[in-house]
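Take a look at the structure set out below.
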Amino acid sequence: MKNSKNSLLAKHFSHIYIEKEIISHPITKIILDKFPNSVLVEIDNYKEVFSRPRQNYKLQEISKKLILAKKKGEFLYPGPPLCHDFGYNHFYYTSLIFNCIFSCDYCFLKGMYPSANIVIFVNIEDYFEEIDSVLKRHPLYLSVSYDTDIMALEKIVPFFSMFIEYATSRKDLTIEIRTKTADYEVLQSLKPSENVILAWTLSPQEIIEKFEHKTPSLSARLDAIKKAIENEWKVRLCFDPLLFTKNWDEIYLKFLNQVFEEVEPSKIVDISVGVFRIPKDYLKRMKRVFINEITLFPYEEDQNVCTYPYDLKKEMMDVFLSNLRKFVHQSKIFVI
Amino acid sequence: MIYLITAFYSEAKALIDHFGLKKLYEPSKFQIFSGDEILLIVSGEGILQAAIATTFALTKFGASDRCIALNIGICGAKEKKLSKGDVLLCNKIINHHSKKTFYPDILITHQMKEASLESFLHPVKKDTFFGEIEGDIVDMEGAGFFEAASSFLAPHNVQCIKIVYDFLAYEKIEPQEVTILVKQCMPFIENFINTLVDLNLKFCTNIFEEEKLRQIIEKLKSSLRLTASITFQLEKLLKSYIIRHENLPEEISEFFNVNVNSKKEGKQYFEKLKKLLIS
């Protein structure tokens, strides 16, 4: 067979799969307007495409498709034990989108989902209705960007801005939006909200280059954080996950200096710190597809969670925290 | 291996000629042709026949991660917006009778139009069929082929390519005309196959020098008298170290010539080696 000289890969979102039930939903229309050249394929249920057996996650990552669907059943889930609750009693998370435009080697989504394609549940009004009903019973601390990065996806679907607008008018609701984006433009037209915490995941530039593919650089993220703080957004920094790699100690120390040269610690709401950890089953699935420094590390397993061996984890946390405390008061640091 | 499945010899003929395939005298009910990394099987007409032939080929000749299966053949088009001879890549395949739907992963660029295909157990003629047709095009094999092939292969490696023959109003299929139509589409088909092969080659390669690594593991297994489960751990440790440092540590050679007297002693050496490899 002759080798093809043509370019190989279809562009991201070359195909959009749409559940017939939501073809005329307003959010569907907003999304489709952004992709006039995509091939549209009607489906009955998103799982027909998203949950097919034997999909190759690694290959799909290089030519992602969009799947537009209607969420049914549960809309809110209790916060998982592997995540920080930051002292809130009613910690929940929600998933309007499955998967992310970035591709981090350590991301648990690679082990959680059978596909790298991005599912967007367009019926955000049903999520809001469910949150309203929970708020009648008790306050709510809600993470809305665990299974994706909704701020990074704002230009595809405006859930980030819709959530901020919604949360602003709900006094007992605090939402955390976790992100790695550096695109400040999406924040510019929005009013800062007391009920919203923008939580930036930060990693050393060496770690970004090695493990956080297609994500903005550290300096770009820091620029976005500085602008957000200037404009009175509440900002959380997430040093999570800390990763073990060659010269990790030097890399992370240099990193902390760089971060706090740029960001005034007193302007930060709080900080979360944790080493890489992942449910055992997710890691097992990741290993089938991805051969890399993250998946191949000989982790220790405890209660179905894999993480670094005890001594290494302790050393990493001790070194990192003792240096972090030079910049930030202990009361602002949440460790998992 | 690239598996090509066609319903009729007239569809296969153009592929056989183009790729220089030779008849394989394999005892089976199907006509089989093979060439350089290609195997073509003529299934006969119908959803079930296509499923049986596909299963037979992938079972008999093997289905690895990089194998590709393509169903190539003629179809009828529902709408006049398509033209006779149009070559179509199917992005959705519907079994009209079971209502099961299948979706190939289209990860590569191609020069074909795309369409949804609906497979029937019987020929579909406009003047005698009064049911609803969901697909843009119809055939009698695609869904059977796809359901069978996707039991073995990843959805990006299972694809249906159909060529419009009629508009659901045909009287008789002319075999020679079918062969000519498939022949005309060969540039599209070949380009698609090549691109798919490239995708598999480029993105599904193993990054370790497996043979070299295997030798090191065997040396250590023997010198340290390691059990099977510890040897398995060792393999993971070595790969993890190579990924981080691009090579193995020089000190590893010290473990090659150790002569341990018991498994307990071997385990102690393994713990030292483990410490070295987690750094």
Side-chain angles (χ1 to χ4, degrees), chain A residues 1-12 14-15 17 20 39-45 48-50 52-65 67 105 114-117 210 244-248 287-300 308-309 311-312, chain B residues 2 19 35-38 65 91-92 99-111 113-114 116 134 150-158 190-204 206-208 233-245 274 277-279:
Chain A
M1 304 289 295
K2 292 171 216 159
N3 280 327
S4 167
K5 285 177 189 158
N6 297 339
S7 110
L8 197 66
L9 296 168
K11 282 184 184 163
H12 283 315
S14 62
H15 292 71
Y17 298 87
K20 288 172 190 161
V39 176
L40 308 184
V41 183
E42 287 184 16
I43 56 175
D44 289 316
N45 187 302
E48 291 172 346
V49 181
F50 191 66
R52 286 168 296 172
R54 282 172 284 283
Q55 293 176 85
N56 188 319
Y57 197 106
K58 191 168 141 189
L59 285 181
Q60 287 178 337
E61 277 213 309
I62 51 181
S63 177
K64 291 184 192 199
K65 314 302 178 196
I67 303 170
D105 285 352
S115 167
N117 293 330
K210 212 166 173 186
F244 171 72
T245 193
K246 201 175 166 183
N247 304 327
W248 63 271
K287 279 181 178 179
R288 279 189 218 136
V289 188
F290 297 96
I291 298 171
N292 56 40
E293 200 173 322
I294 301 293
T295 59
L296 283 178
F297 191 86
Y299 299 103
E300 270 181 11
Y308 296 120
D311 289 345
L312 177 59
Chain B
I2 299 151
F19 294 119
D36 184 21
E37 286 295 302
I38 298 180
D65 285 354
N91 54 32
K92 176 176 181 176
K99 299 298 170 200
K100 277 191 182 175
T101 47
F102 308 96
Y103 301 89
D105 250 347
I106 302 175
L107 305 179
I108 55 171
T109 53
H110 62 86
Q111 286 88 44
K113 290 180 190 170
E114 289 189 21
S116 60
E134 194 189 332
S150 55
S151 297
F152 297 87
L153 305 176
H156 68 276
N157 279 336
V158 182
E190 186 178 27
N191 187 54
F192 185 75
I193 293 173
N194 286 337
T195 314
L196 206 46
V197 168
D198 281 355
L199 176 84
N200 283 286
L201 277 176
K202 195 167 174 192
F203 296 101
C204 303
N206 202 328
I207 53 171
F208 294 105
Q233 270 189 57
L234 173 70
E235 182 178 342
K236 287 201 286 185
L237 286 164
L238 293 170
K239 284 184 172 174
S240 165
Y241 190 94
I242 294 169
I243 286 271
R244 284 199 307 281
H245 300 267
K274 190 173 167 181
L277 294 173
I278 307 178
S279 63

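Just so it is clear: chains get the letters A, B, ... in the order the sequence lines come, proteins before strands, and each one is counted from 1.
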Subject >> Side chain / backbone / both / neither for B:L153 at chain A, heavy atoms under 4.5 Å >> reply: backbone

Original post:
So, are B:K99 and A:D44 salt-bridged, with charged N and O less than 4.0 Å apart?
Top reply: no

**OP:** For the pair A:Y308 and A:Y299, name the ring-plane relationship: parallel under 30°, tilted 30 to 60°, perpendicular over 60°.
**Re:** tilted

**OP:** Identify, with sequence neighbours excluded, every residue that meets salt bridge (Lys or Arg N to Asp or Glu O under 4.0 Å) alongside B:E235.
**Re:** B:R214, B:K239

Subject >> Residue part contacting chain B, namely of A:I43, when any heavy atom lies under 4.5 Å >> reply: both

**OP:** Using side-chain contact (heavy atoms from CB on, under 4.5 Å) as the criterion, list what pairs up with A:A10, not counting sequence neighbours.
**Re:** A:S14, A:S63, A:K65

**OP:** Measure B:Q233 against the heavy atoms of chain A and call it side chain, backbone, both or neither at under 4.5 Å.
**Re:** neither

Original post:
Got a second to check how far B:D65's CG is from A:R54's CZ, nearest 0.5 Å?
Top reply: 11.0 Å

Subject >> Choice from A:K246, A:K11, A:H15, A:Q55 maximising heavy atom contacts with chain B below 4.5 Å >> reply: A:H15

**OP:** Using non-hydrogen atoms and a 4.5 Å limit, figure out which bit of A:K64 sits close to chain B: side chain, backbone, both or neither.
**Re:** neither

**OP:** Taking the side chain as every heavy atom from C-beta outward, state whether A:V289 and A:Q60 have any pair of such atoms under 4.5 Å apart.
**Re:** no

Subject >> Portion of B:F152 that has a non-hydrogen atom of chain A nearer than 4.5 angstrom >> reply: backbone

Original post:
If you count heavy-atom pairs under 4.5 Å between each of B:K274, B:K92, B:K236 and chain A, which one has the most?
Top reply: B:K92

Subject >> Which portion of B:T101 sits near chain A, non-hydrogen atoms under 4.5 angstrom >> reply: side chain

Subject >> Contact leader toward chain A among B:I106, B:L237, B:L196, B:N157, where contacts are heavy-atom pairs under 4.5 Å >> reply: B:I106

Original post:
Are A:F297 and A:P309 side-chain neighbours, meaning at least one heavy-atom pair lies under 4.5 Å?
Top reply: yes

